[in-house]
Protein chains: 2
Amino acid sequence: MALRSRESTGRTGNRTPVKERLLHVATRLFARHGFEGTSVQDIVDAAGVTKGAMYHYYGSKDDLLYEVYHQVLSMQLSHLDEIAAGPGTAEQRLREAAADVVRTSLDNLDDMIVFFRSLHMLPDDKQVQVRAERRRYHDKFKALVEEGVAAGTFRADISADIVVHYFLSVVNQLGSWYRPDGPLSPAEVGDLFTELLIGGLATR
Amino acid sequence: MALRSRESTGRTGNRTPVKERLLHVATRLFARHGFEGTSVQDIVDAAGVTKGAMYHYYGSKDDLLYEVYHQVLSMQLSHLDEIAAGPGTAEQRLREAAADVVRTSLDNLDDMIVFFRSLHMLPDDKQVQVRAERRRYHDKFKALVEEGVAAGTFRADISADIVVHYFLSVVNQLGSWYRPDGPLSPAEVGDLFTELLIGGLATR
DNA sequence: GGGGTCATACCGGCCAGTCGGTCTAAAGTT
DNA sequence: AACTTTAGACCGACTGGCCGGTATGACCCC
């Protein structure tokens with residue numbers, strides 16, 4: 001053996017670093033078979049390494065799961081920060097934010113599937129962290145809605161909290177019905193859902 | 001031993017039949033800890049019986065899970081059938097249907113939590129059955145939307161399929177944020193969400 | 001005395017995590 | 001320039017525990 005053709009890990013022609021490769025295949029497997037339905041052995045097999053490698057980079061199987069959450073959450077939160085602080089009326093920025101969160105979720109469908117299905121498998125302390133991040137997103141989104149209400153653009157008889165729960169539910173469930181090979185692109189779905197949201201919010 | 005104080009299963013003063021009690025505690029535990037996070041031992045302990053009892057009434061752990069789905073789905077489908085066939089305009093009936101599905105879901109929150117989180121744990125054949133039932137619900141709901149579009153009440157530029165996915169997502173996610181001890185009753189949430197849906201659908 | 005209703009003991013399999021070890025390449029050392 | 005040391009990257013056999021499911025038989029009511 002030992003024909004390890006330099007360039008680090010060989011076997012298949014896969015050249016992405018082991019650590020990221022592990023996270024990637026783990027996300028995929030978690031999405032397909034669930035967290036509990038995926039053994040560590042499955043993951044390392046799919047990544048073309050062994051358990052030693054995985055436990056070298058990650059402290060536990062839970063760690064891997066946490067990384068999935070952290071990655072997608074921090075990405076979406078930074079998007080929202082940027083949009084909320086940008087120019088435009090409250091309605092314009094809410095439209096952007098809504099379309100963006102749908103689009104990015106559809107672009108990372110596997111992460112979303114894992115997200116809404118396996119949160120409860122995390123150990124309590126990490127679960128608290130995730131919920132806190134999620135809450136920050138929720139509140140930021142809510143602030144946008146409240147701005148629109150204050151401006152008279154949106155109806156005031158439905159609390160912003162409920163509206164946000166309403167719309168983020170739609171986002172979190174994307175993975176349960178959307179098929180990438182279907183007729184609608186992520187951007188199209190984003191636009192349609194944004195329309196439905198704004199329509200429901202608009203004052204008559 | 002053998003101080004079984006008649007009245008069937010004794011230990012605690014619980015008098016509901018064992019079979020239903022098992023399903024009930026199983027639902028509760030599945031909702032709290034997930035399907036895979038709940039062992040058969042946990043279930044029978046909580047029900048105050050032993051494994052012998054459980055495997056007497058149910059063929060497997062999966063069976064228990066399937067019962068949860070079947071129960072809530074058939075209930076909601078029969079509701080929808082009745083509403084759709086009832087009197088009123090398309091909009092009126094859609095309002096009723098939307099409010100009802102939210103209300104009944106909130107009244108059976110544990111079932112909903114299990115529902116959207118553990119479907120993938122079912123063996124393939126049962127999963128197919130559940131999806132078929134779900135599809136019937138989806139299609140019936142969709143027909144209502146299409147009726148409203150045909151009548152000119154709802155906008156025609158958003159496909160009914162997307163609208164149904166949109167709203168049922170909201171329903172399926174209820175378990176992830178609603179707290180029974182919160183400020184809103186199930187009926188209130190139903191009304192608010194119905195408003196948001198109809199508003200988004202209405203022609204301008 | 002037979003059918004329904006459970007209890008108890010037990011098995012085989014899987015699975016997260018561990019641990020000692022190997023390989024390699026860069027960093028000192030002389 | 002050869003030689004040693006060190007540290008990171010990764011391997012893979014092993015284990016201890018849990019978990020779904022089964023086999024067998026006791027108890028009770030008709």
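Below, read A as the first sequence line, B as the second, and so on, with proteins coming before strands; counting in each chain starts at 1. Since we're looking at a predicted model, the values are computed, not measured. Only heavy atoms go into these numbers, but all of them, side chains included; no hydrogens, no water, no symmetry mates.
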So does R155(A) pair up with D157(A), basic N to acidic O under 4.0 Å? yes
Restricting to side chain to side chain contact (heavy atoms under 4.5 Å, CB included), what partner residues turn up for [X], sequence neighbours left out?
X       : value
T153(B) : E91(B), A151(B)
D62(B)  : F35(B), S60(B), P123(B)
T38(B)  : L29(B), F30(B), H33(B), D42(B), I43(B)
E67(B)  : L23(B), Y58(B)

I need the [atom1]-[atom2] distance between [X] and [N], as an integer number of Å.
X      : N       : atom1 : atom2 : result
R21(A) : dA9(D)  : CZ    : C1'   : 13 Å
L22(A) : dA9(D)  : CG    : P     : 13 Å
Y57(A) : dC11(D) : OH    : C1'   : 13 Å
H56(A) : dC23(C) : NE2   : P     : 17 Å
Q41(B) : dG21(D) : CD    : P     : 13 Å
D45(A) : dC15(C) : CG    : C1'   : 13 Å
K19(A) : dC10(D) : NZ    : P     : 11 Å
D42(B) : dG21(D) : CG    : C1'   : 16 Å

Mind checking ring pair (Phe, Tyr, Trp, His ring centres under 6.0 Å) for [X] and listing every partner two or more places apart, or none if nothing turns up?
X       : result
H70(A)  : Y66(A)
H165(B) : W177(A), H138(B)
Y55(B)  : none
Y178(A) : none

Checking K140(B) now: which residues fulfil salt bridge (Lys or Arg N to Asp or Glu O under 4.0 Å) with it, not counting sequence neighbours? D81(B)
Looking only at side-chain atoms of T50(B), point me to the closest of dA16(C), dA7(C), dG20(D). dA7(C)
Can you give me the dot-bracket string for DNA chain C, 5' to 3', counting Watson-Crick and G-U wobble pairs with both distances under 3.5 Å, using [ ] for crossing pairs and | for partners on another strand? ||||||||||||||||||||||||||||||
Any N or O donor-acceptor pair under 3.5 Å from the base of dA7(C) to the side chain of K51(B)? no
With the threshold set at under 4.0 Å for non-hydrogen atoms, list the residues of residues 26-40 of chain A touching DNA chain C in residue-number order. T38(A), S39(A), V40(A)
What about F167(B) and F193(B), are their ring centers closer than 6.0 Å? no
So, with a heavy-atom separation below 4.0 Å from DNA chain D, the residues of residues 59-68 of chain B are S60(B), K61(B)
